[in-house]
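Atoms within a ligand are numbered from 1 in the order they appear, just like the ligands themselves. For the single chain, residues carry numbers from 1 onward in sequence order.
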Amino acid sequence: MHSQSSMRAVAPLFHLFNHRAAMSNKKELLWASRFNEPFDEGALKFSSSVHVDGKLFREDIQGSIAHATMLGEEGIITAEDSRQICDGLKEIEKEIESGALVPQWEDEDIHTVIENRLKEKIGAVAGKLHSGRSRNDQVATDTRLYMRTKVNELKGALGALMETLVDKAEAYKNSIIFGYTHLQRAQPISAGHYYLAYFNMFKRDRERLNDLMQRVNISPLGAAAFSGSTLPLNAKRSAELLGFDSIFSNSIDAVSDRDILIEFISACSITMMHLSRFCEDIILWSSYEFGYLEISDSFSTGSSIMPQKKNADIAELIRGKTGRVYGDLMAMLTIMKGLPLSYNRDMQEDKPPLFDSAETAIESVTLFNRMLQHTRIKEDRLKELTAKDLSLATEIAEYLVKKDIPFRDAHRITGKIVSWSIENATPLPNITLEKYREFEAAFDESIFTALTPEASITSKKSHGSCSFESVEKQIAEAKELL
Ligand code: ARG
């Protein structure tokens with residue numbers, strides 16, 4: 001290795017007096033020349049982020065190639081140097097991909113791994129790559145490139161889930177299930193209406209990602225450490241080479257802003273919250289007590305001791321992972337809350353929460369979608385249950401409203417009927433007309449046609465309701481959107 005004199009390395013204590021010798025088989029740190037003692041090995045191990053940011057090697061190389069290309073085009077380095085640097089970087093990408101080069105923690109971070117390897121390959125020219133650049137704008141660039149990919153992956157996963165939901169809504173549009181409030185049976189609804197409620201949540205999640213993409217896709221490259229550079233950098237050109245839509249407007253903000261990570265993790269958190277609610281329904285509904293839904297064997301687990309068990313572990317895991325993603329959001333907000341401008345090393349701690357939430361959200365949406373495809377509503381059981389349930393009481397009240405009885409009175413009268421029905425163990429449709437008329441003279445034969453779940457659903461007239469007609473319309477709109 002050349003330029004050993006400027007190397008700072010980790011050396012055992014007994015080598016302190018023979019600095020250069022001790023460094024011969026150690027890694028070079030990028031900032032070592034200013035120091036007279038080697039960096040403490042424990043301190044380096046503690047501060048190294050290679051095990052985390054090693055994941056960004058493709059983004060780092062992509063960013064470096066764009067920077068080196070711009071340097072060459074602007075005449076800041078020669079075209080030949082630029083070409084050598086770019087060729088070397090492309091080879092390093094292949095080396096890391098194939099496992100020929102395994103990033104080591106001694107290199108402090110992935111940026112150093114790559115630059116040190118480049119120096120081994122092309123010599124002193126490698127040192128020109130960092131002209132007008134700092135690891136501060138470099139890591140901000142890498143992170144934005146990573147987020148761009150993950151935002152698109154999450155959008156794709158959400159789109160696939162939305163398609164499944166439309167399929168489910170279509171398949172079960174005429175099936176009747178209970179709608180709940182307070183986890184108490186409320187009214188019969190079309191199962192299609194239920195699935196489309198979730199469709200709307202995931203649609204908003206996708207809109208949120210589209211919106212934040214406008215802020216993700218801005219290049220911070222060219223901000224250097226935080227104040228810019230005396231070199232005639234062309235930030236627009238490197239941004240264009242990286243496919244960014246625009247460039248930063250303030251170099252301090254460019255290196256020290258982590259809003260977009262927080263926004264992204266919060267978007268992931270909202271998606272996880274939606275999934276978790278859906279999982280909760282699936283877990284409850286697949287229980288023996290509810291028995292509304294069945295998850296196929298391929299997405300169920302058993303018990304090591306109770307042979308009869310069939311558990312909804314995938315749904316439970318997604319519900320559990322939701323807690324972890326919320327933790328990532330809280331971690332990120334807390335990391336940032338006390339930081340003075342501009343870059344602080346604290347910010348290196350942004351990557352574990354970012355990677356964790358992005359990967360967890362994408363995996364969870366993908367797995368949830370596959371599990372959902374392997375569920376089926378137990379229509380026969382639900383038909384039986386909904387037919388003899390009290391959840392038609394609202395229909396009785398609205399029936400009386402149509403007979404010109406004020407809703408408040410109708411509600412009170414119906415409450416009395418429900419109470420009688422419970423005391424006498426007689427389902428609402430089985431009560432005789434004579435009995436109904438004892439409560440209110442306005443009842444006639446037509447009450448019995450209103451007292452079926454189908455009639456209840458069909459007769460819903462308001463916008464966006466659970467009626468079969470409304471569900472049909474919603475399905476058509478959803479298909480149009482997809
Ligand atoms: N590993 C660092 C990070 O992820 C890179 C930036 C280092 N910059 C510095 N001034 N020490 O944040």
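Polar contact check, His111 against ligand 1: no nitrogen or oxygen pair lies under 3.5 Å apart. For Asn136, a nitrogen or oxygen atom sits less than 3.5 Å from a nitrogen or oxygen atom of ligand 1, counting backbone and side chain alike.
At least one test fails for Arg58 against the ring of Tyr146: distance under 6.0 Å to the centre or angle within 45° of the axis. For the pair Lys55 and Phe355, the cation-pi test (distance below 6.0 Å, angle within 45°) is passed.
Of the protein's non-hydrogen atoms, Gln348 OE1, 2.9 Å is the one closest to atom 1 (N) of ligand 1. The protein non-hydrogen atom at the shortest distance from atom 3 (C) of ligand 1 is Tyr343 OH, 3.3 Å. Of all protein heavy atoms, the one closest to atom 11 (N) of ligand 1 is Arg135 NH2, 3.8 Å.
In plain terms, the two heavy atoms of Ile92 and Lys121 that are nearest each other are CG1-CD, 3.7 Å.
A donor-acceptor contact shorter than 3.5 Å links the side chain of Thr143 to the backbone of Val139.
Between Phe202 and Phe368, the ring-plane angle classifies as tilted under the 30° and 60° cut-offs.
The closest approach between a heavy atom of Gln138 and any atom of ligand 1 is not below 4.0 Å.
Within ligand 1, counting atoms from 1 as listed, the ones closer than 4.0 Å to a heavy atom of Ser49 are 1 (N). Interface of Lys351 with ligand 1, defined as ligand atoms under 4.0 Å from a residue heavy atom, comprises 3 (C), 4 (O), 12 (O).
A distance of 11.0 Å separates CZ of Arg376 from OG of Ser175, quoted to the nearest 0.5 Å.
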